[in-house]
Amino acid sequence: MTLMQLYQSLRDLYGYRGWWPGETTAEIVIGAILTQNVNWKNVEKAINNLKKNDLLTFEEIHRSPVERIAQLIIPTRYYNQKAMKLKNFADFLHDKYDLSFDQMFARDGATLRKQLLQIKGIGRETADSILLYAGDKLQFVSDAYTARLLGRLGFITEKLDYDELVAFITQQIPQDVDLYKDMHAQIVHFSALVCKAKPLCEGCVFGANCVGFISSTDAHG
DNA sequence: TTCCTGGATC
DNA sequence: GATCCGGGAA
């Protein structure tokens, strides 16, 4: 099986997803920060709280005290840290781009990635999510789901760090923004529903292709 | 109890 | 690489 065959299987299963929930660029960026290590349902609660208080733009976040933001995003678990991360991004956008996403995304992806990674609270996965889904940049997004799935399916046999995994994948697929968006979306969806930490192997489309697969007749994998 | 679309710090 | 952060649903 190739990576594109993996992608096609998931796309056949779920249809095109394209994915990232959020009606505005700011909402996508906010979601990318708030979703760190937290269930997306909790992020939705926090985003609704921000929306009800007209805090879903970085103009408002920039001039709002961090304590007020923290109180609204409590469902995202690390709310004090994440409130500061939102403030840090707002400061960055204000100081470097006059609070304009158009100006920010006018930069090339590689330059912008380096800038985003200098913001305290923005790591590689969050930066890449912002670049791909908020900025339509050709930047593949990897994550713990991707590493787990590719490990179980036998694509990778040794641990790769984040950047190595991104390189491993992008070498084997067409360089296309919409493909990057949908492929990550499919992997996340499948990993959250089926190939979970405790996988639901029954009826899995990959069946015997999975090296982590434990059949009911195999007492101990 | 476990698990959830991480990142910073030491 | 180990630990902190520290809510909510199943």
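Order of the sequence lines sets the chain letters (A, B, ...), proteins ahead of strands, with each chain counted from 1.
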Peer 1: Donor-acceptor check, side chain of A:Thr35 to backbone of A:Ala32, threshold 3.5 angstrom: yes or no?
Peer 2: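 The answer is no, because no donor-acceptor pair under 3.5 Å joins these two groups.
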
Peer 1: What nucleic acid atoms does A:Lys45 come within less than 4.0 Å of, heavy atoms only: base, sugar-phosphate, or nothing?
Peer 2: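 Result for A:Lys45 = sugar-phosphate.
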
Peer 1: Between C1' on B:dA8 and NZ on A:Lys87, what's the gap in Å once rounded to a whole number?
Peer 2: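 Rounded to the whole Å, the gap is 20 Å.
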
Peer 1: Which ones in residues 182-194 of chain A lie close to DNA chain C, meaning a heavy atom under 4.0 Å from one of its atoms?
Peer 2: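 The stretch gives none, as no residue of it lies under 4.0 Å from the strand.
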
Peer 1: List the atom of A:Asn37, the atom of A:Arg77, and the distance in Å for their closest heavy-atom pair.
Peer 2: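 Reported closest heavy-atom pair: O-NH1, 4.0 Å.
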
Peer 1: For A:Ile74 and C:dG8, give me the distance from atom CD1 to atom C1', rounded to whole Å.
Peer 2: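 It works out to 12 Å between those atoms.
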
Peer 1: May I ask you to verify if any side-chain N or O of A:Tyr79 is less than 4.0 angstrom from the OP1 or OP2 atom of C:dG7?
Peer 2: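 Result: yes.
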
Peer 1: Would you find a donor on one side and an acceptor on the other, under 3.5 Å apart, between the side chain of A:Asp108 and the backbone of A:Ala110?
Peer 2: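 Such a contact is found between A:Asp108 side chain and A:Ala110 backbone.
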
Peer 1: Check the pair A:Asn48 / A:Glu44 against side-chain hydrogen bond (donor to acceptor under 3.5 Å, both in side chains), numbers first and verdict last.
Peer 2: CA-CA 6 Å; A:Asn48 281 333; A:Glu44 288 182 325; over 6 Å; no

Peer 1: Are A:Gln36 and A:Thr126 close enough, and set up right, to give a side-chain hydrogen bond (donor to acceptor under 3.5 Å, both in side chains), and what steps lead you there?
Peer 2: CA-CA 8 Å; A:Gln36 293 171 1; A:Thr126 306; 2.9 Å; yes

Peer 1: If you pin A:Asn42 and A:Glu125 to their nearest nucleotides in DNA chain B, which one's is more 5'?
Peer 2: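 Closer to the 5' end of DNA chain B: A:Asn42.
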
Peer 1: Rounded to the nearest Å, what distance is computed from the CG atom of residue A:Asn49 to the C1' atom of nucleotide C:dG7?
Peer 2: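 From A:Asn49 CG to C:dG7 C1': 12 Å.
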
Peer 1: Going from OG1 on A:Thr76 to CD on A:Gln81, what distance comes out if it is rounded to the nearest 0.5 angstrom?
Peer 2: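 With rounding to 0.5 Å, OG1 (A:Thr76) is 10.0 Å from CD (A:Gln81).
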
Peer 1: Going by an N to O cut-off under 4.0 Å, is there a salt bridge joining A:Asp128 and A:Lys137?
Peer 2: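 Salt bridge between A:Asp128 and A:Lys137, a charged N being under 4.0 Å from a carboxylate O: no.
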
Peer 1: Using a cut-off of strictly less than 4.0 Å between a heavy atom of the residue and any atom of DNA chain C, enumerate the qualifying residues of residues 129-144 of chain A by number.
Peer 2: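 Heavy-atom contacts with DNA chain C come from no residue of residues 129-144 of chain A; none.
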
Peer 1: Does B:dT9 have OP1 or OP2 under 4.0 Å away from a side-chain N or O of A:Lys120?
Peer 2: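 Indeed, a polar side-chain atom of A:Lys120 lies that close.
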
Peer 1: Tell me: CG of A:Asn80 to C1' of C:dG7, nearest whole Å?
Peer 2: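 Value for this atom pair: 12 Å.
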
Peer 1: Counting just side-chain N and O atoms, does A:Arg77 come under 4.0 Å of either OP1 or OP2 of C:dC4?
Peer 2: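 No.
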
Peer 1: To the nearest 0.5 Å, what is the distance between NZ (A:Lys85) and CD1 (A:Ile30)?
Peer 2: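 Going from the NZ atom of A:Lys85 to the CD1 atom of A:Ile30 covers 14.5 Å.
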
Peer 1: Within this structure, what is the CD1-to-P distance between A:Ile73 and B:dC4, rounded to whole angstrom?
Peer 2: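 From A:Ile73 CD1 to B:dC4 P: 21 Å.
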
Peer 1: Can any side-chain N or O of A:Lys82 pair as donor or acceptor with the backbone N or O of A:Leu34 at less than 3.5 Å?
Peer 2: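 Checking the backbone N and O of A:Leu34 against the side chain of A:Lys82, a donor-acceptor pair under 3.5 Å is found.
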
Peer 1: What is the distance from CE of A:Met84 to C1' of B:dG7, rounded to the nearest Å?
Peer 2: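 That distance rounds to 15 Å.
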
Peer 1: Ignoring the backbone of A:Tyr78, work out which of C:dG8, C:dC5, B:dC3 is nearest its side chain.
Peer 2: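 Given the options C:dG8, C:dC5, B:dC3, the side chain of A:Tyr78 is closest to C:dC5.
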
Peer 1: Checking side-chain hydrogen bond (donor to acceptor under 3.5 Å, both in side chains) for the pair A:Asp143/A:Tyr162: CA distance, chi angles, key distance, verdict?
Peer 2: CA-CA 7 Å; A:Asp143 61 356; A:Tyr162 181 91; over 6 Å; no

Peer 1: May I have the distance from A:Arg148 (atom CZ) to B:dG6 (atom P), rounded to whole angstrom?
Peer 2: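 It is 10 Å, rounded to the nearest whole Å.
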
Peer 1: Going by number, which of residues 22-41 of chain A have a non-hydrogen atom under 4.0 Å from DNA chain C?
Peer 2: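 Output list: empty, so none.
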
Peer 1: Using side-chain contact (heavy atoms from CB on, under 4.5 Å), reason through A:Lys87 and A:Ile61 one step at a time and then give a plain yes or no.
Peer 2: CA-CA 7 Å; A:Lys87 291 290 289 182; A:Ile61 289 174; 4.3 Å; yes

Peer 1: What integer distance in Å separates A:Ile122:CD1 from B:dT9:C1'?
Peer 2: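 About 17 Å, once rounded to whole Å.
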
Peer 1: So, A:Ser9 side chain and A:Gln5 main chain: donor-acceptor pair closer than 3.5 Å or not?
Peer 2: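 Judged by distance alone, yes, a pair lies under 3.5 Å.
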
